[in-house]
Amino acid sequence: MEEATREFPGWSFERDRSGWTAVHDKTRLTRPSLAALRAILRVHRVSRGS
């Protein structure tokens, strides 16, 4: 989780029974694993041009 926090500054990460959730402002993304969540955040970052 520390690595994900460094890779995606401004996002917070939490885990519950449904998987991992990343939160940034009003955006919430949930995936079953932290690896899957990080992969979708990379796509999200590229699609936003960040």
Side-chain angles (χ1 to χ4, degrees):
M1 188 165 72
E2 291 174 22
E3 189 176 320
T5 303
R6 282 192 303 271
E7 185 177 2
F8 303 102
W11 288 85
S12 62
F13 296 87
E14 53 193 54
R15 184 177 183 201
D16 64 16
R17 282 183 257 144
S18 64
W20 285 87
T21 300
V23 179
H24 179 68
D25 295 331
K26 294 183 180 184
T27 303
R28 293 180 64 87
L29 300 170
T30 302
R31 294 295 180 268
S33 70
L34 185 55
L37 183 57
R38 290 174 70 190
I40 199 72
L41 284 174
R42 288 182 191 112
V43 171
H44 180 75
R45 178 173 57 198
V46 168
S47 71
R48 294 191 61 160
S50 301

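Any value given below was found using the heavy atoms of this structure, including those in side chains, with hydrogens, waters and symmetry copies removed.
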So, taking the atom named [atom1] in [X] and the one named [atom2] in [Y], what distance separates them when rounded to the nearest 0.5 Å?
X: Arg28; Y: Ser12; atom1: CZ; atom2: OG; value: 8.0 Å
X: Met1; Y: Arg6; atom1: CE; atom2: CZ; value: 11.5 Å
X: Glu7; Y: Leu41; atom1: CD; atom2: CG; value: 8.0 Å

Worksheet item: What pair of heavy atoms forms the shortest contact from Ala36 to Ser33, and how long is it?
Response: N-OG, 3.0 Å
Discussion item. Which residue in the set Leu29, Val23, Leu37, Thr5 passes side-chain contact (heavy atoms from CB on, under 4.5 Å) when paired with Trp11?
Written reply: Leu29
Side-chain contact, heavy-atom cut-off 4.5 Å: [X] with [Y]?
X: Phe8; Y: Arg45; result: yes
X: Phe13; Y: Leu34; result: yes
X: Arg31; Y: Arg38; result: no

Discussion item. With side chain to side chain donor-acceptor pair (under 3.5 Å) as the criterion, how do Asp16 and Ser18 come out once you've worked through the C-alpha distance, each side chain's angles and the decisive distance to 0.1 Å?
Written reply: CA-CA 6 Å; Asp16 64 16; Ser18 64; 2.7 Å; yes
Discussion item. Counting neighbours of CZ on Arg42 that are heavy atoms of other residues, nucleotides or ligands and sit closer than 6.0 Å, is the number greater than 12?
Written reply: yes
